[in-house]
Amino acid sequence: MTEQEKVQKILDKLDETYGVEKQNFYHREPWQLLLAIMLSAQSTDKQVDEAIPAFFDRFTAVEAMAEAPVEEIEHYIQSVGLYKNKAKNIKKCCGQLVEQYGGAVPDTMGELLKLAGVGRKTANLFLSDAFGIPGVTVDTHVFRISRRLGWAEGKTPEAVEKELKECLPEEHWIRINFQLIYHGRAVCTARKARCAQCPLEEWCAKKGV
DNA sequence: ATCCCGAGGG
DNA sequence: CCCTCTGGAT
């Protein structure tokens, strides 16, 4: 079996195991989706889902969020990790959106990276979630599992992103992110991979374990 | 104890 | 490069 065929076997198994449709965080407008993605860093879906309804119900306009006291933002997002940093970044980011983009969210990587609290991971995920722009979002799970599978050897998320774009068909770029996140939390965990119960083991290089 | 659906700052 | 920030899971 060629390397290419092994990759396809894994992609098929991931589709079968975790599905192909991603469910986005609850939001009414794009700027709220961006904030939800910012909140998800170092936090679980559950923590974010708990915070979002009251938070977005309180702030329905990006202008209101930009003008809100940072302490009030902190109050609404205390269920997520790193909430003080995120509250500060959210206020600043919304101010940038209002002042520089008329309250809209830009649709390019270069512009998104200028926003407070938005790094490459958040920007990539927003581009694919909000606009369907194909990209490979490399978070801690994608980074770790890609190296274990033998798909990438790069030492930085950006290097791994480039390697994945070279070896994965474009139609899998977006979905590989949430599939590997689910897989990384349930099976291929950071501390010890549960290889005995892994549906991918047959085609895995077990790099870095 | 260590790591998490990271990013900013020193 | 390093450190910090958060609460929660393991």
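Below, each value reflects all heavy atoms present in this structure, side chains not excepted, and no hydrogens, waters or symmetry copies. Just so we're on the same page: letters track the sequence lines, and every chain starts at 1.
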Which part of the nucleic acid does [X] contact within heavy-atom distance under 4.0 Å: base, sugar-phosphate only, or nothing?
X	answer
Val48(A)	nothing
Ile77(A)	nothing
Asp45(A)	base
Arg185(A)	base
Thr122(A)	sugar-phosphate

In whole Å, what is the span from the [atom1] atom of [X] to the [atom2] atom of [N]?
X	N	atom1	atom2	value
Leu82(A)	dC4(B)	CG	C1'	9 Å
Lys88(A)	dG6(B)	NZ	P	18 Å
Lys86(A)	dA7(B)	NZ	P	10 Å
Phe143(A)	dC3(B)	CZ	C1'	15 Å
Ile90(A)	dG6(B)	CD1	P	15 Å
Met38(A)	dA7(B)	CE	C1'	9 Å
Lys155(A)	dC1(C)	NZ	C1'	15 Å
Lys114(A)	dA7(B)	NZ	P	18 Å

Are Phe131(A) and Val62(A) in one and the same hydrophobic cluster, where Ile, Leu, Val, Met, Phe, Trp and Tyr link if side-chain heavy atoms are under 4.5 Å apart?
yes
When the nearest nucleotide of DNA chain B is assigned to Lys22(A) and to Val118(A) on a heavy-atom basis, which residue is associated with the more 5' position?
Lys22(A)
Nearest-nucleotide comparison on DNA chain B, the residue closer to the 5′ end among Phe25(A) and Leu113(A)
Phe25(A)
Shortest non-hydrogen pair, Pro157(A) vs Phe143(A), comes out as N-CE1, 3.8 Å
I need the minimum non-hydrogen distance between Ala104(A) and Leu97(A), along with the two atoms involved.
O-CD2, 3.4 Å
Start at the 5' end of DNA chain C and walk down; is the nucleotide closest to Asn85(A) or to Lys46(A) reached first?
Asn85(A)
Residue whose closest nucleotide on DNA chain C lies nearer the 5' end, Glu74(A) versus Lys192(A)
Glu74(A)
dA1(B) to dT4(C) separation - P atoms, rounded to the nearest Å
16 Å
Would you measure the distance from the C1' atom in dC1(C) across to the matching atom in dC4(B) and give it in whole Å?
22 Å
I would like to know whether Phe56(A) and Tyr76(A) meet ring-ring contact (aromatic ring centres under 6.0 Å, His included); could you show each step before the answer?
CA-CA 9 Å; Phe56(A) 289 166; Tyr76(A) 281 97; over 10 Å; no
Using only heavy-atom distances, determine whether the side chains of Thr108(A) and Glu111(A) contain a donor-acceptor pair under 3.5 Å.
no
Any side-chain to backbone donor/acceptor pair from Gln32(A) onto Arg28(A)? Under 3.5 Å, distance only.
yes
In terms of side-chain heavy atoms of Asn89(A), which of dG8(B), dC5(C), dC4(B) is nearest?
dG8(B)
Ala190(A), nearest nucleotide to its side chain (from dG8(C), dC5(C), dC4(B)):
dC4(B)
